[in-house]
Structures are given as structure tokens and as C-alpha cells.
Enquirer: 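Input: one structure, supplied below.
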Amino acid sequence: MSHPTAAVSAPTRVAAYAAPSPKAPLERTTVPRRPVGEHDVLIEIKYSGICHSDIHQARDGWGEGIFPMVPGHEIAGIVTATGAGVTKFAVGDRVGVGCFVDSCGECANCVQGQDQFCERGATGTYNALGTDGEPTYGGYSTHIVVAESHTLRIPDGIALDVAAPLLCAGITLYSPLKRWGAGPGKKVAIVGLGGLGHMGVKIAAALGAEVTVLSQTLRKKADGLELGAAYFHATNDPATFTELAGTFDLIVSTVSAPLDLGAYLGLLKVEGALVNVGAPEEPVSLNLFSVIGGNKTLAGSMIGGIPQTQEMLDFCAAHGLGAEIELIGADQINEAYGRVEASDVRYRFVIDASTI
Ligand code: NAP
Ligand code: ZN
């Protein structure tokens, strides 16, 4: 492996799309990138997925946002320079960056591969402060500098544009599906057929589970079945909740808005689990009798650690899985945000970074 011997420095400012303030449309700007350190790689970003979390944060729906904000934590690109101490990557490698770009590597959670829960705090890819105290800026940009420890290898079998969404949507579904035993003989329901949900259908089917989509309406039914679901039901039809009562071993909810969790818990078998990954801006209330009856589990799950993210990418390559994407130019980001909010995404918007 070779790396440039001359001092490697990133462009000090790079083009990006940012929300200048909460709720303002995103617009073209430039942001600083740090010089390439000894253990850093410089990545030329090729594609960046639009996650609903980007929208929650750019609209400051979760609060305490840092503005101007450059969202984007589904990054796929090519290594264009490496620091002198980099051993895992070389110029030209196909790489990805997900939801966090730093963690201590030493605490119990990091050592166990749960580095998203670093005890000293994992540094978000954007809308966070790095250990240098400077804000981090995400993937709606042309370049990013990231420690090699937080850079993922994208296997040759997956095209970079359909790989980008795996860095958040892919791992966010892969992790709970693995943990809760999705596989042959298991009936798994995915609630919400958006960016996360459609990857959930693909991955759960590839793991061998019998997959059902629970979507607000039947308008995405043909797609859901094509993606690997065996069944598809509309949740705006009250009959769905009586017909499917007691059916599922595992339900994963990807819904971005508050949901009547009690109604979905009623669809679980005895000792079934409902795992929530959706992150709505408002709290939900729950009658706890809906978990007591049937010894049910209500759980959460947040993305996945770096080792499991690499495992997920390798799994997706081995099974020929990538996201279903709509490739857009950077000038379409604001329009795309509106369509995601209207549940009109099929099934992930991906920004062509060459248009930034
Ligand atoms: P998305 O593409 O917008 O998909 C969400 C889907 O939820 C929609 O397509 C829609 O599916 C359904 N939905 C939306 N509003 C609904 C409502 N009022 N009632 C019922 N269903 C509704 O969003 P995403 O990018 O997949 O993200 C989903 C959520 O997960 C967001 O809140 C995001 O912040 C969060 N997230 C969490 C993690 C984590 O680590 N836990 C990681 C990434 C994202 P149908 O049209 O099929 O009904
Ligand atoms: Zn995300």
C-alpha cells in the first residue's frame, strides 16, 4: 500500500449544502475540513443519502441543533489521500462513513463493538462538536476527512450510489433484526416502508424470515412484495389489527411520527418483541398492560457499531442487496425533504455529490 509522502492536506474549505438556520431551506455554501492527520483518510464524496434524521435535525425537531448544519450520514466515496499512519486504506479504495466519526476506542462499550454508545460520547458525523471543539459537517459535501477507524470498506459487489444508504438505513435495521433473531421460521413485520423500512424488508427476507409490511395504505404494496415481503397490510384499515392479532415474533417500527405502540404490541405472539427505531419529535404514551399481557418486549435500537456496520456491508454484498434509490442533484434537496415528509420516498433519495 502506498500513500502520498508529501504533507497531505485537505482543501481547507469544501463545497457543501447547509441549513443556515432551523427550518430554513438548505443552500450551497462552503465548510472547513481539517487537514488529513496521521490516521485520517481524505474521502472524495460521490454519493450521500438523505435520511429522515437529517430532516428532523435540519428543522431542529430534536432541539439543540448546531447551525449552519450540513446534514448527511450515509456517505459513499473514494479515498484520495491517506495520513502516514493509515494501514487499512489506500488511495482509490471505495469507502463509506455512517452516523459517527469518532469514539474513544477504549471504554467498555467501544471495546465490545458498541462504539455508537462510547462512554465519552461518540461524535456525530454532523450536528456535533468534535474533540477539537469544532462543529462536524456531514455528507452533503464534496469531501470529508475521517479517521480510518471510523471509515468502512464498501465491497466491490455494491455500487456506491446504492451502498450509501446502507451506512445508516442498512445498519439500523440489520442490527435489531440480528439481535432479535430474524431468520427461518420467524414472522417479522416492518412498520413503515420508507428508507429504513425498505432495507428492513430486504435484509429480513435475506435472513430467511417471513416478512410482512405494515404501511399506512396499500399504495406501496407492489413494491413491498417485490422487495421481498410475503404479505402487505394497510394500517389505515382497522381490520388489519384484528386479523393479524397475535401473529408476529418480531415487529420493527421505522415510523418517523408518534405511533400507537399499544396497537402494534397487540400483533405480537406471546413473548414477541416490538423494536422501535423511529425517532419522532414528540413523545408517545403507552398503556403498559399491552406489554404485560403476553410477556412482550418493547425495545429500542440505535444504528450499530463500526464492526457490525462492516459485517452488514459484507452481508449486503454477499446477498446482492443495495438500497432502492432516487438519485437527485443537490438543487433538489429541499424538494426531496418535502417528499420524505409526505411519505413519498421510493425509497431513498441519494444526492449526486458531483452536483454540489
Ligand atoms: P422515511 O423514509 O420517511 O420512512 C418513514 C416511513 O414511516 C414513511 O415512509 C411511512 O411509511 C411511515 N410513516 C410516516 N409518517 C407516518 C405516520 N404519521 N403514521 C404511520 N406511518 C408513518 O424515514 P427513515 O429515513 O426511514 O427514518 C425513519 C425514522 O427512523 C426517522 O424518525 C428517523 O429519524 C429514524 N432513524 C432512527 C435511527 C436509529 O438509529 N434508531 C436511524 C436512522 C433513522 P408508509 O408510507 O409505508 O406508511
Ligand atoms: Zn440516518
Side-chain angles (χ1 to χ4, degrees), residues 48-59 61-62 71-75 96-100 114 116-117 122 124-127 138-140 164-177 179 189-203 212-225 227 229 232-237 240-241 251-261 263-264 275-282 284 299-305 308-309 312 323-326 336-350:
S48 195
I50 293 180
C51 177
H52 206 124
S53 300
D54 298 348
I55 303 174
H56 290 301
Q57 291 174 90
R59 308 268 203 249
W62 293 341
H73 57 208
E74 294 186 335
I75 299 168
V97 179
C99 297
F100 61 107
Q114 300 268 41
Q116 76 273 40
F117 303 123
T125 303
Y126 68 89
N127 194 19
Y140 299 5
L166 302 179
L167 276 302
C168 175
I171 184 60
T172 300
L173 272 292
Y174 181 82
S175 187
L177 288 168
R179 176 173 172 208
I190 303 291
V191 190
L193 195 63
L196 267 54
H198 95 288
M199 284 314 308
V201 172
K202 287 191 177 203
I203 293 170
T212 297
V213 176
L214 301 175
S215 185
Q216 293 167 92
T217 66
L218 292 179
R219 91 198 143 101
K220 300 175 184 171
K221 180 173 179 179
D223 291 345
L225 300 180
L227 292 166
F232 196 107
H233 294 272
T235 55
N236 68 357
D237 180 356
T240 293
F241 291 90
I251 300 174
V252 183
S253 171
T254 71
V255 173
S256 48
L259 202 62
D260 178 3
L261 293 177
Y264 291 85
V275 183
N276 177 74
V277 297
E281 296 169 13
E282 308 296 332
V284 298
S301 192
M302 196 182 96
I303 47 173
Q308 195 178 38
T309 305
M312 175 276 308
E324 301 301 311
I325 67 163
E326 200 170 318
Y337 273 27
R339 283 187 51 200
V340 172
E341 289 178 312
S343 300
D344 182 28
V345 50
R346 307 214 178 184
Y347 281 88
R348 201 54 142 185
F349 288 107
V350 171

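A quick note: this is a predicted structure, and the numbers were derived from the prediction, not measured. First listed ligand is number 1; within each ligand, the first listed atom is number 1.
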Enquirer: Would you mind running through ligand 1 and noting each atom that sits below 4.0 Å from a heavy atom of Gly192?
Expert: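 Those atoms are 7 (O), 11 (O), 12 (C), 47 (O).
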
Enquirer: Is the shortest distance from a heavy atom of Arg348 to ligand 1 less than 4.0 Å?
Expert: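 Under 4.0 Å: yes for Arg348.
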
Enquirer: Return the closest protein heavy atom for atom 32 (O) of ligand 1 as residue, atom name and distance.
Expert: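 For atom 32 (O) of ligand 1, the nearest protein heavy atom comes out as His56 NE2, 2.8 Å.
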
Enquirer: Measure the distance from atom 11 (O) of ligand 1 to every protein heavy atom, then report the residue, atom name and distance (to 0.1 Å) of the closest one.
Expert: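 Answer, as residue, atom name and distance: Leu193 N, 3.2 Å.
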
Enquirer: How far does CZ of Arg219 sit from CZ of Arg346, to the nearest 0.5 angstrom?
Expert: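 The CZ atom of Arg346 is 5.5 Å from CZ of Arg219, to the nearest 0.5 Å.
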
Enquirer: Please list the nearest protein heavy atom to atom 47 (O) of ligand 1 with its residue and the distance rounded to 0.1 Å.
Expert: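 In this structure, atom 47 (O) of ligand 1 has Ser215 OG, 2.5 Å as its nearest protein heavy atom.
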
Enquirer: Using 0.5 Å steps for rounding, measure from the CG atom of Leu166 to the NZ atom of Lys202.
Expert: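 Spacing of CG (Leu166) from NZ (Lys202) equals 9.0 Å.
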
Enquirer: Is there a polar contact, in the sense of an N or O pair closer than 3.5 Å, between Ile303 and ligand 1?
Expert: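 Yes, there is a polar N/O contact under 3.5 Å.
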
Enquirer: Going from CZ on Arg348 to CE on Met199, what distance comes out if it is rounded to the nearest 0.5 angstrom?
Expert: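 The CZ atom of Arg348 sits 10.0 Å away from the CE atom of Met199.
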
Enquirer: State the atoms of ligand 1, each with its element, that fall below the 4.0 Å cut-off from a heavy-atom position in Ala257.
Expert: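 Reading through ligand 1 atom by atom, the close ones are 17 (C), 18 (N).
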
Enquirer: Do the side chains of Glu341 and Arg59 get close enough for a salt bridge, i.e. N-O under 4.0 angstrom?
Expert: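 So Glu341 pairs with Arg59 through a salt bridge.
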
Enquirer: Dump the intermediate steps for side-chain contact (heavy atoms from CB on, under 4.5 Å) on Tyr140 and Ile50, then the final yes or no.
Expert: CA-CA 9 Å; Tyr140 299 5; Ile50 293 180; 3.5 Å; yes

Enquirer: Do the rings of His73 and Tyr126 sit parallel, tilted or perpendicular, given the 30° and 60° boundaries?
Expert: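 Rings of His73 and Tyr126: tilted, 30 to 60°.
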
Enquirer: With respect to Leu214, determine whether any N or O atom, backbone or side chain, lies less than 3.5 Å from an N or O atom of ligand 1.
Expert: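 By distance alone, the answer is no.
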
Enquirer: Does the pair Leu167 and Thr309 meet the rule for a side-chain contact (heavy atoms from CB on, under 4.5 Å), with working shown?
Expert: CA-CA 7 Å; Leu167 276 302; Thr309 305; 4.2 Å; yes

Enquirer: When rounded to the nearest 0.5 angstrom, what is the spacing between CD in Gln57 and SG in Cys51?
Expert: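 If I round to the nearest 0.5 Å, the distance is 8.5 Å.
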
Enquirer: Out of curiosity, is Trp62 lining ligand 1, as in a heavy atom under 4.0 Å away?
Expert: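 Contact present.
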
Enquirer: Please could you name the atoms of ligand 1 that Val340 approaches to less than 4.0 Å, counting only its heavy atoms?
Expert: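 Counting from 1, the qualifying ligand atoms are 3 (O).
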
Enquirer: Check Pro258 against ligand 1 and report side chain, backbone, both or neither, counting heavy atoms closer than 4.0 Å.
Expert: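 Neither; nothing of Pro258 gets under 4.0 Å from ligand 1.
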
Enquirer: What residue and atom, counting heavy atoms only, is the protein's closest point to atom 2 (O) of ligand 1, and at what distance?
Expert: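 Closest protein heavy atom to atom 2 (O) of ligand 1: Gly195 N, 2.8 Å.
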
Enquirer: Does any non-hydrogen side-chain atom of Gln116 lie less than 4.5 Å from one of Cys99?
Expert: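 Of all side-chain heavy-atom pairs linking Gln116 with Cys99, none is under 4.5 Å.
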
Enquirer: Rounded to 10 degrees, what angle sits at the Zn ion (ligand 2) between Cys51 SG and Cys168 SG?
Expert: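 That angle is 130°.
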
Enquirer: List the closest protein heavy-atom neighbour of atom 46 (O) of ligand 1: residue, atom name, distance to the nearest 0.1 Å.
Expert: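 For atom 46 (O) of ligand 1, the nearest protein heavy atom is Lys220 NZ, 2.7 Å.
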
Enquirer: Give the contacting part of Val345 toward ligand 1: side chain, backbone, both or neither, where contact means a heavy-atom distance below 4.0 Å.
Expert: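 Under 4.0 Å from ligand 1, Val345 contributes side-chain atoms alone.
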
Enquirer: Which of these, His198, Glu74, His52, Lys221, has its nearest heavy atom closest to atom 23 (O) of ligand 1?
Expert: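 It is His52 whose heavy atom sits nearest to atom 23 (O) of ligand 1.
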
Enquirer: Report the distance from atom NE2 of His52 to atom CG of Leu196, rounding to the nearest 0.5 Å.
Expert: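 Rounded to the nearest 0.5 Å, the NE2-CG separation comes to 10.5 Å.
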
Enquirer: Do me a favour and list the nearest non-hydrogen protein atom to atom 44 (C) of ligand 1 with residue, atom name and distance?
Expert: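 Looking at atom 44 (C) of ligand 1, the protein heavy atom closest to it is Ser53 OG, 3.2 Å.
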
Enquirer: Do any of the N/O/S atoms of His52, backbone or side chain, fall under 2.8 Å from the Zn ion (ligand 2)?
Expert: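 It does not; every qualifying atom lies at 2.8 Å or beyond.
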
Enquirer: Going by side chain to side chain contact (heavy atoms under 4.5 Å, CB included), Val191 matches just one of Asn276, Thr254, Val277, Leu259. Which one?
Expert: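 For Val191, the side chain to side chain contact (heavy atoms under 4.5 Å, CB included) test succeeds with only one of Asn276, Thr254, Val277, Leu259, which is Leu259.
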
Enquirer: Output the distance between atom OG (Ser301) and atom CZ (Arg179), rounded to the nearest 0.5 Å.
Expert: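 That separation rounds to 7.0 Å.
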
Enquirer: Using 2.8 Å as the threshold, say whether any N, O or S atom from Cys99 sits that close to the Zn ion (ligand 2).
Expert: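 No, outside the cut-off.
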
Enquirer: Considering both backbone and side-chain atoms of Cys168, is one of its nitrogen or oxygen atoms within less than 3.5 Å of a nitrogen or oxygen in ligand 1?
Expert: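 No, there is no polar N/O contact under 3.5 Å.
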
Enquirer: Applying a 4.0 Å heavy-atom criterion (strictly less than), which segment of Thr172 is in contact with ligand 1: side chain, backbone, both, or neither?
Expert: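 Just the side chain.
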
Enquirer: Do you know the tightest heavy-atom contact between Ala229 and Val213?
Expert: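 Looking at all heavy atoms of both residues, the closest pair is CB-CG2, 3.7 Å.
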
Enquirer: Which protein heavy atom lies closest to atom 22 (C) of ligand 1, and at what distance to 0.1 Å?
Expert: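 Ranked first by proximity to atom 22 (C) of ligand 1 is Gln216 NE2, 3.3 Å.
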
Enquirer: How far is atom 28 (C) of ligand 1 from the closest protein heavy atom, and which atom is that?
Expert: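 Atom 28 (C) of ligand 1 sits closest to the protein heavy atom Thr254 O, 2.9 Å.
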
Enquirer: For the pair Leu193 and Leu227, evaluate side-chain contact (heavy atoms from CB on, under 4.5 Å) and give the outcome as yes or no after the intermediate values.
Expert: CA-CA 10 Å; Leu193 195 63; Leu227 292 166; 4.1 Å; yes

